[in-house]
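Encoded as C-alpha coordinates, here's the structure I'll be asking about.
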Protein chains: 2
Amino acid sequence: MKSDLKQTEPTQLCAVDYAFKRIGGKYKARILWYLSMKGVLRYGELSRTLPDITTKMLTQTLRELEEDNLIIRKMYHEVPPKVEYSLSETGQELIPFIAHLHHWGKKHIEKEASTSQAILDERTKVCQSVCGTD
Amino acid sequence: MKSDLKQTEPTQLCAVDYAFKRIGGKYKARILWYLSMKGVLRYGELSRTLPDITTKMLTQTLRELEEDNLIIRKMYHEVPPKVEYSLSETGQELIPFIAHLHHWGKKHIEKEASTSQAILDERTKVCQSVCGTD
DNA sequence: TATCTTACCTACTAAAAGGTATGTATTGCT
DNA sequence: AGCAATACATACCTTTTAGTAGGTAAGATA
(Lines give C-alpha, C1' and ligand atoms only; values in the text may rest on other atoms or scores of the structure.)
Protein backbone atom coordinates (compact mmCIF):
# COMPACT_ATOMS: atom_id res chain seq x y z
CA MET A 1 0.00 0.00 0.00
CA LYS A 2 1.48 3.30 -1.16
CA SER A 3 4.88 1.74 -0.82
CA ASP A 4 7.25 3.89 -2.79
CA LEU A 5 7.92 7.12 -1.00
CA LYS A 6 8.74 7.68 2.63
CA GLN A 7 9.86 4.20 3.42
CA THR A 8 11.82 5.20 6.50
CA GLU A 9 9.11 7.54 7.79
CA PRO A 10 11.32 9.93 9.69
CA THR A 11 8.30 11.47 11.29
CA GLN A 12 9.54 13.90 13.83
CA LEU A 13 9.44 12.57 17.31
CA CYS A 14 9.05 15.49 19.60
CA ALA A 15 9.63 14.84 23.27
CA VAL A 16 6.31 16.45 24.04
CA ASP A 17 4.67 14.14 21.61
CA TYR A 18 6.44 11.12 22.95
CA ALA A 19 5.35 11.93 26.49
CA PHE A 20 1.81 12.48 25.40
CA LYS A 21 1.66 9.12 23.80
CA ARG A 22 2.58 7.50 27.06
CA ILE A 23 -0.02 9.25 29.16
CA GLY A 24 -2.59 10.15 26.55
CA GLY A 25 -5.81 8.24 26.37
CA LYS A 26 -9.02 8.80 28.18
CA TYR A 27 -8.08 7.40 31.57
CA LYS A 28 -4.32 7.18 31.91
CA ALA A 29 -3.64 10.49 33.59
CA ARG A 30 -6.54 9.99 35.94
CA ILE A 31 -5.37 6.57 36.97
CA LEU A 32 -1.89 7.86 37.64
CA TRP A 33 -3.33 10.74 39.58
CA TYR A 34 -5.53 8.55 41.75
CA LEU A 35 -2.69 6.17 42.37
CA SER A 36 -0.53 9.04 43.52
CA MET A 37 -3.26 10.07 45.93
CA LYS A 38 -3.93 6.65 47.33
CA GLY A 39 -0.58 4.95 47.00
CA VAL A 40 -1.85 1.48 46.28
CA LEU A 41 -5.14 0.43 44.75
CA ARG A 42 -6.60 -2.91 43.92
CA TYR A 43 -8.26 -3.54 40.60
CA GLY A 44 -11.71 -3.32 42.08
CA GLU A 45 -10.90 -0.17 43.97
CA LEU A 46 -9.70 1.49 40.82
CA SER A 47 -12.85 0.40 39.12
CA ARG A 48 -14.93 2.04 41.83
CA THR A 49 -12.79 5.14 41.81
CA LEU A 50 -13.38 5.61 38.11
CA PRO A 51 -17.01 4.62 37.86
CA ASP A 52 -17.19 5.56 34.20
CA ILE A 53 -14.57 3.10 33.03
CA THR A 54 -15.49 -0.37 31.86
CA THR A 55 -13.49 -3.36 32.98
CA LYS A 56 -12.23 -3.79 29.47
CA MET A 57 -10.83 -0.30 29.31
CA LEU A 58 -9.50 -0.47 32.84
CA THR A 59 -7.60 -3.66 32.19
CA GLN A 60 -6.36 -2.42 28.84
CA THR A 61 -5.23 0.88 30.25
CA LEU A 62 -3.51 -0.71 33.22
CA ARG A 63 -1.69 -3.06 30.89
CA GLU A 64 -0.44 -0.20 28.78
CA LEU A 65 0.70 1.74 31.80
CA GLU A 66 2.49 -1.34 33.05
CA GLU A 67 4.20 -1.97 29.72
CA ASP A 68 5.31 1.63 29.75
CA ASN A 69 6.72 1.14 33.22
CA LEU A 70 4.57 3.81 34.75
CA ILE A 71 2.84 1.55 37.22
CA ILE A 72 3.66 -1.63 39.09
CA ARG A 73 1.37 -4.61 39.19
CA LYS A 74 1.61 -6.89 42.14
CA MET A 75 -0.50 -9.97 42.17
CA TYR A 76 -1.12 -12.21 45.11
CA HIS A 77 -1.79 -15.81 44.33
CA GLU A 78 -4.95 -16.08 46.31
CA VAL A 79 -8.53 -16.89 45.59
CA PRO A 80 -10.43 -14.76 44.98
CA PRO A 81 -7.61 -13.04 43.14
CA LYS A 82 -5.97 -9.94 44.49
CA VAL A 83 -3.96 -7.52 42.41
CA GLU A 84 -2.49 -4.26 43.57
CA TYR A 85 -1.39 -1.35 41.45
CA SER A 86 0.96 1.43 42.41
CA LEU A 87 3.11 4.03 40.71
CA SER A 88 6.58 3.14 39.56
CA GLU A 89 9.39 5.61 39.94
CA THR A 90 8.96 6.73 36.38
CA GLY A 91 5.29 7.16 37.04
CA GLN A 92 6.00 9.24 40.11
CA GLU A 93 8.04 11.60 37.98
CA LEU A 94 4.89 12.51 36.14
CA ILE A 95 2.90 13.48 39.19
CA PRO A 96 4.14 17.06 39.54
CA PHE A 97 3.06 17.70 36.01
CA ILE A 98 -0.31 16.07 36.48
CA ALA A 99 -0.69 18.12 39.63
CA HIS A 100 -0.04 21.23 37.62
CA LEU A 101 -2.65 20.17 35.12
CA HIS A 102 -5.07 19.42 37.92
CA HIS A 103 -4.52 22.82 39.42
CA TRP A 104 -4.95 24.52 36.09
CA GLY A 105 -8.05 22.50 35.28
CA LYS A 106 -9.63 23.21 38.62
CA LYS A 107 -9.06 26.91 38.23
CA HIS A 108 -10.68 27.00 34.83
CA ILE A 109 -13.54 24.76 35.78
CA GLU A 110 -14.32 27.21 38.53
CA LYS A 111 -14.12 30.08 36.10
CA GLU A 112 -16.62 28.40 33.85
CA ALA A 113 -18.70 27.50 36.87
CA SER A 114 -19.75 31.11 37.30
CA THR A 115 -22.14 30.46 34.45
CA SER A 116 -23.42 26.99 35.22
CA GLN A 117 -23.00 26.29 38.90
CA ALA A 118 -25.31 23.45 39.79
CA ILE A 119 -24.25 20.99 37.16
CA LEU A 120 -20.62 21.33 37.99
CA ASP A 121 -21.11 20.80 41.69
CA GLU A 122 -22.65 17.50 40.83
CA ARG A 123 -20.08 16.50 38.30
CA THR A 124 -16.97 17.31 40.27
CA LYS A 125 -17.96 15.69 43.51
CA VAL A 126 -16.68 12.22 42.77
CA CYS A 127 -13.31 13.54 41.81
CA GLN A 128 -13.08 15.73 44.85
CA SER A 129 -13.83 12.86 47.15
CA VAL A 130 -10.71 11.25 45.76
CA CYS A 131 -8.49 14.22 45.13
CA GLY A 132 -9.34 16.24 48.19
CA THR A 133 -10.56 19.77 47.94
CA ASP A 134 -7.14 21.13 47.02
CA MET B 1 -31.54 5.09 22.09
CA LYS B 2 -31.09 3.61 25.60
CA SER B 3 -33.12 6.46 26.98
CA ASP B 4 -34.29 5.43 30.40
CA LEU B 5 -31.46 5.42 32.88
CA LYS B 6 -28.82 8.04 33.50
CA GLN B 7 -30.56 10.95 31.90
CA THR B 8 -28.52 13.54 33.74
CA GLU B 9 -25.23 11.72 33.15
CA PRO B 10 -23.36 13.00 36.17
CA THR B 11 -20.16 11.62 34.77
CA GLN B 12 -17.40 12.70 37.03
CA LEU B 13 -15.50 15.63 35.73
CA CYS B 14 -12.03 15.42 37.10
CA ALA B 15 -9.91 18.50 36.73
CA VAL B 16 -7.17 16.37 35.23
CA ASP B 17 -9.61 15.06 32.74
CA TYR B 18 -10.92 18.47 31.91
CA ALA B 19 -7.46 19.80 31.28
CA PHE B 20 -6.58 16.85 29.14
CA LYS B 21 -9.54 17.43 26.96
CA ARG B 22 -8.36 20.92 26.23
CA ILE B 23 -4.85 19.99 25.28
CA GLY B 24 -5.29 16.42 24.19
CA GLY B 25 -5.25 15.52 20.55
CA LYS B 26 -2.38 14.67 18.36
CA TYR B 27 -0.97 18.13 17.79
CA LYS B 28 -2.29 20.52 20.40
CA ALA B 29 0.50 20.29 22.92
CA ARG B 30 3.11 20.51 20.21
CA ILE B 31 1.55 23.61 18.71
CA LEU B 32 1.40 25.28 22.10
CA TRP B 33 4.98 24.28 22.74
CA TYR B 34 6.25 25.65 19.46
CA LEU B 35 4.31 28.85 19.93
CA SER B 36 5.89 29.29 23.34
CA MET B 37 9.31 28.87 21.76
CA LYS B 38 8.75 31.19 18.87
CA GLY B 39 6.28 33.67 20.29
CA VAL B 40 4.36 34.29 17.11
CA LEU B 41 3.94 32.05 14.11
CA ARG B 42 2.08 32.42 10.88
CA TYR B 43 -0.08 29.65 9.56
CA GLY B 44 2.48 28.64 6.99
CA GLU B 45 5.27 28.70 9.51
CA LEU B 46 3.35 26.40 11.80
CA SER B 47 2.73 24.15 8.88
CA ARG B 48 6.42 23.96 8.16
CA THR B 49 7.28 23.50 11.81
CA LEU B 50 5.00 20.50 12.02
CA PRO B 51 5.68 18.85 8.69
CA ASP B 52 3.55 15.86 9.55
CA ILE B 53 0.34 17.78 9.97
CA THR B 54 -2.07 18.31 7.10
CA THR B 55 -3.62 21.70 6.50
CA LYS B 56 -6.96 20.28 7.45
CA MET B 57 -5.77 19.13 10.84
CA LEU B 58 -3.73 22.26 11.39
CA THR B 59 -6.68 24.52 10.77
CA GLN B 60 -8.99 22.35 12.80
CA THR B 61 -6.59 22.17 15.71
CA LEU B 62 -5.92 25.89 15.65
CA ARG B 63 -9.64 26.55 15.68
CA GLU B 64 -10.13 24.36 18.69
CA LEU B 65 -7.28 25.98 20.55
CA GLU B 66 -8.72 29.35 19.73
CA GLU B 67 -12.20 28.42 20.90
CA ASP B 68 -10.65 27.19 24.11
CA ASN B 69 -8.88 30.52 24.49
CA LEU B 70 -5.46 28.97 24.51
CA ILE B 71 -4.18 30.83 21.49
CA ILE B 72 -4.84 34.15 19.83
CA ARG B 73 -5.50 34.50 16.15
CA LYS B 74 -4.64 37.77 14.54
CA MET B 75 -5.44 38.22 10.92
CA TYR B 76 -4.22 40.98 8.69
CA HIS B 77 -6.48 42.00 5.88
CA GLU B 78 -3.93 41.70 3.18
CA VAL B 79 -3.50 39.72 0.04
CA PRO B 80 -2.07 37.15 0.10
CA PRO B 81 -3.60 36.60 3.52
CA LYS B 82 -1.57 36.75 6.67
CA VAL B 83 -2.59 35.24 9.95
CA GLU B 84 -0.52 35.13 13.09
CA TYR B 85 -0.96 32.81 16.02
CA SER B 86 0.34 33.29 19.52
CA LEU B 87 -0.34 32.02 23.01
CA SER B 88 -3.02 33.60 25.11
CA GLU B 89 -2.48 34.12 28.80
CA THR B 90 -4.34 30.95 29.56
CA GLY B 91 -2.20 29.17 27.04
CA GLN B 92 0.94 30.51 28.67
CA GLU B 93 -0.15 28.98 31.94
CA LEU B 94 0.20 25.59 30.38
CA ILE B 95 3.75 26.01 29.25
CA PRO B 96 5.46 25.03 32.50
CA PHE B 97 3.64 21.77 32.42
CA ILE B 98 4.42 21.15 28.78
CA ALA B 99 8.00 22.00 29.57
CA HIS B 100 7.97 19.42 32.30
CA LEU B 101 6.55 16.89 29.90
CA HIS B 102 9.15 17.80 27.34
CA HIS B 103 11.90 17.34 29.85
CA TRP B 104 10.53 14.03 30.99
CA GLY B 105 10.03 12.84 27.45
CA LYS B 106 13.51 13.81 26.41
CA LYS B 107 15.01 11.96 29.30
CA HIS B 108 13.16 8.79 28.50
CA ILE B 109 13.75 9.02 24.80
CA GLU B 110 17.42 9.14 25.58
CA LYS B 111 17.10 6.17 27.85
CA GLU B 112 15.48 4.18 25.10
CA ALA B 113 18.00 5.50 22.65
CA SER B 114 20.71 3.36 24.19
CA THR B 115 19.17 0.48 22.28
CA SER B 116 18.31 2.09 18.96
CA GLN B 117 20.50 5.10 18.42
CA ALA B 118 20.47 5.91 14.74
CA ILE B 119 16.76 6.01 14.18
CA LEU B 120 16.18 8.35 17.04
CA ASP B 121 18.84 10.79 15.95
CA GLU B 122 16.99 11.10 12.72
CA ARG B 123 13.58 11.38 14.24
CA THR B 124 14.32 13.94 16.88
CA LYS B 125 16.25 16.37 14.76
CA VAL B 126 13.32 18.41 13.51
CA CYS B 127 12.03 18.95 16.98
CA GLN B 128 15.42 19.90 18.33
CA SER B 129 15.88 22.49 15.66
CA VAL B 130 12.78 24.11 17.05
CA CYS B 131 13.05 23.39 20.70
CA GLY B 132 16.76 23.85 21.11
CA THR B 133 18.97 21.16 22.54
CA ASP B 134 17.70 21.66 26.06
C1' DT C 1 -5.11 38.20 -18.67
C1' DA C 2 -2.87 34.45 -16.50
C1' DT C 3 -0.33 33.09 -12.60
C1' DC C 4 1.30 33.24 -7.82
C1' DT C 5 0.79 33.37 -2.93
C1' DT C 6 -1.38 32.33 1.47
C1' DA C 7 -4.77 30.59 4.36
C1' DC C 8 -7.98 28.29 4.40
C1' DC C 9 -12.75 24.87 3.20
C1' DT C 10 -15.16 20.48 2.19
C1' DA C 11 -16.46 15.75 0.88
C1' DC C 12 -15.08 11.42 1.56
C1' DT C 13 -12.39 7.63 3.61
C1' DA C 14 -9.51 5.10 6.93
C1' DA C 15 -7.80 4.06 11.27
C1' DA C 16 -7.75 4.32 16.15
C1' DA C 17 -10.04 4.48 20.37
C1' DG C 18 -13.57 3.25 23.15
C1' DG C 19 -18.09 0.71 24.53
C1' DT C 20 -21.31 -3.54 25.08
C1' DA C 21 -22.14 -7.90 26.37
C1' DT C 22 -20.93 -12.10 27.81
C1' DG C 23 -17.66 -15.60 29.37
C1' DT C 24 -13.78 -17.80 32.31
C1' DA C 25 -10.94 -19.37 36.35
C1' DT C 26 -10.23 -20.60 41.17
C1' DT C 27 -11.52 -22.05 45.68
C1' DG C 28 -13.66 -21.06 50.11
C1' DC C 29 -18.15 -21.17 52.09
C1' DT C 30 -22.76 -23.03 52.88
C1' DA D 1 -23.02 -29.65 44.75
C1' DG D 2 -23.91 -24.85 44.02
C1' DC D 3 -22.89 -20.07 44.69
C1' DA D 4 -20.15 -16.00 45.67
C1' DA D 5 -15.99 -13.01 45.04
C1' DT D 6 -12.31 -10.97 42.19
C1' DA D 7 -9.80 -10.00 38.18
C1' DC D 8 -9.77 -10.46 34.26
C1' DA D 9 -10.55 -12.13 28.52
C1' DT D 10 -12.76 -11.72 24.05
C1' DA D 11 -15.75 -10.95 20.05
C1' DC D 12 -18.17 -7.54 18.04
C1' DC D 13 -19.89 -2.87 17.24
C1' DT D 14 -19.92 2.40 17.52
C1' DT D 15 -17.77 6.74 17.89
C1' DT D 16 -14.09 9.68 17.46
C1' DT D 17 -10.15 11.22 15.34
C1' DA D 18 -7.22 11.76 11.61
C1' DG D 19 -5.83 11.52 6.56
C1' DT D 20 -6.64 12.22 1.27
C1' DA D 21 -7.63 14.88 -2.38
C1' DG D 22 -9.45 18.30 -4.28
C1' DG D 23 -11.25 23.34 -4.40
C1' DT D 24 -11.79 28.55 -3.21
C1' DA D 25 -10.78 33.64 -2.66
C1' DA D 26 -8.47 37.94 -3.81
C1' DG D 27 -5.20 41.21 -4.80
C1' DA D 28 -0.19 41.64 -6.58
C1' DT D 29 2.78 40.99 -10.19
C1' DA D 30 4.51 39.64 -14.99
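Throughout, a chain's letter reflects where its sequence line sits, starting with A, and its residues are numbered from 1.
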How are the rings of A:Phe20 and B:Phe20 set to each other: parallel, tilted or perpendicular (split at 30° and 60°)?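 Judged by the thresholds at 30° and 60°, the geometry between A:Phe20 and B:Phe20 is tilted.
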Among B:Lys106, B:Arg30, B:Lys28, B:Lys26, find the residue that satisfies the salt bridge (Lys or Arg N to Asp or Glu O under 4.0 Å) test when tested with A:Asp17.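 Of B:Lys106, B:Arg30, B:Lys28, B:Lys26, salt bridge (Lys or Arg N to Asp or Glu O under 4.0 Å) with A:Asp17 is met by B:Arg30 alone.
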Roughly, in whole Å, what's the span from CD in A:Glu84 to P in D:dT6?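 Atom-to-atom, A:Glu84 to D:dT6, this comes out as 14 Å.
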Under a single-linkage definition using a 4.5 Å side-chain heavy-atom cutoff for Ile, Leu, Val, Met, Phe, Trp and Tyr, are B:Ile72 and B:Tyr27 assigned to the same hydrophobic cluster?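 Shared cluster, no.
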Return a single string for nucleotides 12-17 of chain D, one symbol per nucleotide in 5' to 3' order, where B is base contact, S is sugar-phosphate-only contact and - is none, cutoff 4.0 angstrom on heavy atoms. ------
Whole angstrom value for the distance that separates P of C:dA21 from CD1 of A:Ile53: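 Result: 17 Å.
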Taking OP1 and OP2 of C:dA7, is either one under 4.0 Å from a side-chain nitrogen or oxygen of B:Arg42?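 Answer is yes, contact under 4.0 Å.
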Let's see if you can work this out: which of C:dT20, D:dA5, C:dC8 has an atom nearest to the side-chain heavy atoms of A:Pro80?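 The answer is D:dA5, which lies nearest to the side chain.
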Would you mind reading off the distance between B:Lys82 atom NZ and D:dA25 atom P, rounded to a whole angstrom?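 It works out to 24 Å between those atoms.
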Give a yes or no on whether the ring-centroid distance for B:His100 and B:Trp104 is below 6.0 angstrom.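 Between B:Trp104 and B:His100, which both carry aromatic rings, the centre distance is not below 6.0 Å.
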What integer distance in Å separates A:Ile31:CD1 from C:dG18:P?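 Rounded to the whole Å, the gap is 11 Å.
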Position toward the 5' end of DNA chain D (nearest nucleotide), A:Val79 or A:Arg63: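 Nearer the 5' end of the strand: A:Val79.
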Let me know the distance between OH of A:Tyr85 and C1' of D:dT6, rounded to the nearest Å.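 Answer to the nearest Å: 11 Å.
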Atom-pair distance (CZ on A:Phe20; P on D:dA18), nearest Å: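 Taking atom P of D:dA18 as the reference, CZ of A:Phe20 is at 12 Å.
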Interatomic distance, A:Thr61 atom OG1 to A:Glu66 atom CD [nearest 0.5 angstrom]: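 Between atom OG1 of A:Thr61 and atom CD of A:Glu66 there are 12.5 Å.
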Please classify the nucleic acid contact of B:Tyr27 as base, sugar-phosphate, or nothing, using heavy-atom distances under 4.0 Å.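 Sugar-phosphate, backbone atoms only, no base.
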If you pin A:Thr61 and A:Pro81 to their nearest nucleotides in DNA chain C, which one's is more 5'?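 Of the two residues, A:Thr61 wins.
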Between atom CD in B:Glu64 and atom C1' in D:dA18, what is the gap in whole Å?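 Taking CD of B:Glu64 and C1' of D:dA18, I get 11 Å after rounding.
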Just how far, in rounded Å, is P of D:dT10 from CG of A:Leu58?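 Answer to the nearest Å: 16 Å.
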Respond yes when some side-chain nitrogen or oxygen of A:Arg48 is under 4.0 Å from OP1 or OP2 of D:dT6, and no when none is.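 So the side chain of A:Arg48 is outside the cut-off, no N or O lying under 4.0 Å from OP1 or OP2 of D:dT6.
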So how far is it from B:Arg63 CZ to B:Gln60 CD, rounded to the nearest 0.5 Å?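 The CZ atom of B:Arg63 sits 10.5 Å away from the CD atom of B:Gln60.
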Please tell me if the side chains of B:Ile31 and B:Tyr85 come closer than 4.5 Å, counting only heavy atoms from C-beta onward.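 No - every pair of side-chain heavy atoms lies 4.5 Å or more apart.
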